[in-house]
Amino acid sequence: MAKAPVLTPQSEDFPRWYQDILAKAELADNGPVRGTMVIRPYGYSLWERMQAEVDQRIKAAGAENAYFPLFIPQSYLTREAEHVEGFSPELAVVTHAGGKELEEPVVVRPTSETVIGEYMSKWVQSHRDLPLLLNQWANVVRWELRTRIFLRTSEFLWQEGHTAHATEADASAYALQILHDVYRAFMVDVLAIPVLIGRKTRQERFAGAINTLACEAMMRDGKALQMGTSHELGQNFAKVFDISFQDTSGEQQTAWTTSWGVSTRMMGGLIMCHGDDTGLRVPPRLAATQVVVMVIKDGDGAGEAAARLVSELQAAGVRAKLDGRTDTSFGRRSIDWELKGVPVRVEVGPRDLANGEVTIVRRDLAEKRQVPIAEVGHRVEMLLELIQSDLLAEASERRDTNTFDVSTIEEAREAAQQGFARIPWATLGEEGEAKLAEDAITVRCLQSADGQVPASETESGVVAVVARAY
RNA sequence: CUGGCCGUGGCGCAGUUUGGUAGCGCACCGCGUUUGGGACGCGGGGGUCGUGAGUUCAAAUCUCACCGGCCAGACCA
């Protein structure tokens, strides 16, 4: 009795699978305006967990949250030449408001370097005011041609950090610190997504930056997704917004700034890195609901036993939830929780209950096990840890087996059809990069021989990781 | 913007070739029986057929324009 699959299988049509899961796991819908999205409560609960975890790490890195306006005077954007050039094609500009045409149009922020630069300039007078470490959680708008929910939408949610430093070395070190201690740590430890870190080529650099660092992940279809970026802005913005200070010897100096961000795109990464043909698989540390305790059927004491388990788990600090919707069939509810990717299910029914047991199910492996009721708390906690590390291990292995060391551009092109190709940057170069671009293959990042972020692209042993990307 | 496919109840589709006034599955509502992997029976509700114009006695169906979606290309978190 083979039922129709719940989702279009990944192997059959990956983009379709992605669309299916967005709808069936109740993650998000398209918004009424082209390219916008509505994030549904379950999807938003995952985003809120991401925010909480990232926010905590940002604060640990010393930055403080603030909020800057959605509207930016158009003139601000035009001050930094590369910045305008990079962003002007995707700006949403307000020309009319209050029933009148505005004297100066305002743009809806595509990113906030400019407004924040203007205020940093006011706030920074002395070397004692540095470093100035700011962050904001906000929405931004970039009018995109081809959009996909979470991966590229005209409006998205993100966190953007903006800092000013007294020296280039300090700014550079901070941009790297954010990449390591905030982004990579969060992605690996919480999202269970193994990410490569590296620097971007000139071609891929942020508009107005002197250096862009990034975290890159491999999705289940072998394509790359940029999960986060951290930019060294040099003195480009500090000069045009006059962020300057008096140093210890009384000299006037120009500051060095950075900016860095992660967005709701990480939701797409989560889905495409861990999701399988039965739905999402949420790593336990991220999961808004880690355990669902299901009452199989009413009237046999299961309801009471399940409620008791939920409170015990909650008391132990587990994010547990009761599913007592016994007016819906058990099979239907199981499938719903699998779609949503809740890591562990505890099934409470008369058969097991008669033996003082319940059934525990791992979402990631679809593995069921009978466990004495008294051991549930302990077993669940162990399982959550195990699932977290297994998801990371599985994703790492998939990435590694789909990463190929190559020595020619032709081989790189070939390998990128399946996954990542690693090719010496000295071999590829900007000409090779342009050549690969004809086949929609891009340099995701440059790494030093040991997998770290190279100090410069000319450093010896630098490897370009190339792939098709979202 | 370029090329291909496609817009019909919430979702997925048939109906379009050969114009005749809209149907199926799932979902939804009610009642009952069910509940250890998408339950079943009976009874219901819901659609300006993407939008506009045109041809016609008559348009989901034919013509034109526009809008939107998906996939593949140029840009980006």
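Naming convention: chains lettered A, B, ... in sequence-line order (proteins, then strands); numbering from 1 in each chain.
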Chemist: Which base sits across from A58(B) as a Watson-Crick or G-U pair, both distances under 3.5 Å?
Modeler: none
Chemist: Looking only at atom C1', what distance separates U16(B) and A60(B), rounded to whole Å?
Modeler: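 Looking at atom C1' only, U16(B) and A60(B) are 7 Å apart.
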Chemist: When you measure from the side chain of Ala440(A), which nucleotide among G73(B), G37(B), C71(B) comes out closest?
Modeler: G73(B)
Chemist: Is there a Watson-Crick or G-U wobble partner for C42(B) with both distances under 3.5 Å, and if so, which one is it?
Modeler: G30(B)
Chemist: Can you check the distance between G47(B) and G10(B), where both ends of the measurement are the P atom (answer in whole Å)?
Modeler: 9 Å
Chemist: Checking Asp277(A) side chain against Gln10(A) main chain: does a donor-acceptor pair fall under 3.5 Å?
Modeler: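 Confirmed, Asp277(A) side chain pairs with Gln10(A) backbone.
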Chemist: In whole angstrom, give the distance that lies between atom CD of Gln19(A) and atom P of C71(B).
Modeler: 6 Å
Chemist: Tell me the interatomic distance from Arg40(A), atom CZ, to G10(B), atom P, rounded to whole angstroms.
Modeler: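 So the two atoms are 15 Å apart, to the nearest Å.
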Chemist: So does Glu304(A) pair up with Arg308(A), basic N to acidic O under 4.0 Å?
Modeler: no
Chemist: Restricting to nitrogen or oxygen on both sides, can you table the protein-nucleotides 25-35 of chain B pairs closer than 3.5 Å?
Modeler:
residue: U35(B); atom: O2'; partner: Ile296(A); partner atom: O; Å: 3.0
residue: U35(B); atom: O2; partner: Thr326(A); partner atom: O; Å: 3.1
residue: U35(B); atom: N3; partner: Thr326(A); partner atom: O; Å: 2.7

Chemist: Between the base of G37(B) and the side chain of Lys368(A), is one N or O donor paired with an acceptor at under 3.5 angstrom?
Modeler: yes
Chemist: Hey, is the side chain of Ser334(A) pairing donor to acceptor with the base of G36(B) inside 3.5 Å?
Modeler: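 Answer is no: no donor-acceptor pair is held.
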Chemist: Which listed nucleotide (G36(B), G37(B), C76(B)) is nearest to the side chain of Glu90(A)?
Modeler: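 Of G36(B), G37(B), C76(B), C76(B) is nearest to the side chain of Glu90(A).
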Chemist: With rounding to the closest Å, how many angstrom separate the P atoms on G45(B) and G23(B)?
Modeler: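 It comes out at 13 Å once rounded to the nearest Å.
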Chemist: Tell me, please, whether Trp158(A) has Arg142(A) positioned over its six-membered ring: NZ or CZ under 6.0 Å from the ring centre and within 45 degrees of its axis?
Modeler: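 Verdict for Trp158(A): a cation-pi partner in Arg142(A).
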Chemist: Do you know which of Tyr76(A), Phe206(A), Phe241(A) makes ring pair (Phe, Tyr, Trp, His ring centres under 6.0 Å) with His83(A)?
Modeler: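 Single pass found, and it is Phe206(A).
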Chemist: Could you grab the distance from atom CZ of Arg422(A) to atom CD of Gln447(A), nearest 0.5 Å is fine?
Modeler: 6.0 Å
Chemist: At 4.0 Å (heavy atoms only), tell me whether Pro110(A) reaches a base, stays on the sugar-phosphate, or touches nothing.
Modeler: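 It contacts nothing in the nucleic acid.
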Chemist: What distance, rounded to whole Å, do you find between the two P atoms, one in G19(B) and one in C75(B)?
Modeler: 49 Å
Chemist: Mark yes when over 12 heavy atoms from residues, nucleotides or ligands other than Arg202(A) sit less than 6.0 Å from its CZ; otherwise mark no.
Modeler: no
Chemist: Taking Gln159(A) for the side chain and Ser263(A) for the main chain, is one N or O donor matched with an acceptor at less than 3.5 Å?
Modeler: no
Chemist: Just how far, in rounded Å, is C1' of G38(B) from CG of Asp277(A)?
Modeler: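 Checked: the CG to C1' distance equals 16 Å.
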Chemist: Which is true for Ala437(A) with a 4.0 Å heavy-atom rule: it touches a base, it touches only sugar-phosphate, or it touches nothing?
Modeler: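 Result for Ala437(A) = sugar-phosphate.
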Chemist: Name the pairing partner of A14(B), where a pair is Watson-Crick or G-U wobble with both distances under 3.5 Å, or state none.
Modeler: none
Chemist: Would you mind reading off the distance between Glu347(A) atom CD and G37(B) atom P, rounded to a whole angstrom?
Modeler: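 Interatomic distance, CD of Glu347(A) to P of G37(B): 8 Å.
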Chemist: Suppose we define a pair by two distances each less than 3.5 Å, Watson-Crick or G-U wobble; what does A22(B) pair with here?
Modeler: none
Chemist: Taking a pair as Watson-Crick or G-U wobble with both distances under 3.5 Å, which nucleotide is matched to G9(B)?
Modeler: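 Paired with G9(B), as far as the under-3.5 Å criterion goes, is no nucleotide at all.
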Chemist: What distance, rounded to whole Å, do you find between the two C1' atoms, one in C26(B) and one in G38(B)?
Modeler: 11 Å
Chemist: Classify the nucleic acid contact of Thr153(A) as base, sugar-phosphate or nothing, counting any heavy atom under 4.0 Å across all strands shown.
Modeler: base
Chemist: Using Watson-Crick or G-U wobble geometry with both distances under 3.5 Å, which nucleotide pairs with G3(B)?
Modeler: C71(B)
Chemist: Regarding Gly349(A), tell me which of base, sugar-phosphate or nothing describes its non-hydrogen contacts under 4.0 Å with the strands shown.
Modeler: base
Chemist: Quick check: any donor-acceptor pair below 3.5 Å linking the side-chain of Asp336(A) to the base of G38(B)?
Modeler: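 Such a pair does not exist between side chain and base.
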Chemist: Taking the C1' atom of each, how far is A65(B) from U18(B), in whole Å?
Modeler: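 Between the two C1' atoms, the distance is 26 Å.
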Chemist: Is any side-chain heavy atom of Gln136(A) closer than 4.5 Å to one of His162(A)?
Modeler: no
Chemist: I'd like to know whether OH of Tyr119(A) has more than 12 heavy-atom contacts from other residues, nucleotides or ligands below 6.0 angstrom.
Modeler: no
Chemist: Between C1' on C76(B) and CD on Glu160(A), what's the gap in Å once rounded to a whole number?
Modeler: 15 Å
Chemist: Does Gly35(A) or Glu338(A) map to a spot on RNA chain B nearer the 5' end, using the closest nucleotide for each?
Modeler: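 Checking each residue's closest nucleotide, the 5'-ward one belongs to Glu338(A).
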Chemist: Take atom CZ of Arg142(A) and atom C1' of C75(B), then tell me their distance rounded to the nearest Å.
Modeler: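 Atom CZ in Arg142(A) sits about 11 Å away from atom C1' in C75(B).
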Chemist: Go ahead and name the base partner of U63(B); Watson-Crick or wobble counts if both distances stay under 3.5 Å, otherwise write none.
Modeler: A53(B)
Chemist: Which part of the nucleic acid, if any, lies within contact of Phe87(A), taking any heavy atom under 4.0 Å across all strands shown: a base, the sugar-phosphate backbone alone, or nothing?
Modeler: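 Touches nothing.
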Chemist: Using 4.0 Å as the upper bound for N to carboxylate O, is an ion pair formed by Asp390(A) and Arg362(A)?
Modeler: yes
Chemist: In this structure, how many angstroms lie between the P atom of C70(B) and the CG atom of Leu151(A), rounded?
Modeler: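 In whole Å, C70(B) P and Leu151(A) CG are 12 Å from each other.
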Chemist: For Leu7(A) and G38(B), what is the distance between atoms CG and C1' respectively, to the nearest whole Å?
Modeler: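 Spelled out: CG on Leu7(A) to C1' on G38(B) is 12 Å.
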Chemist: Answer with base, sugar-phosphate or nothing: what part of the nucleic acid does Thr111(A) contact at a heavy-atom distance below 4.0 Å?
Modeler: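 Nothing, no nucleic acid heavy atom in range.
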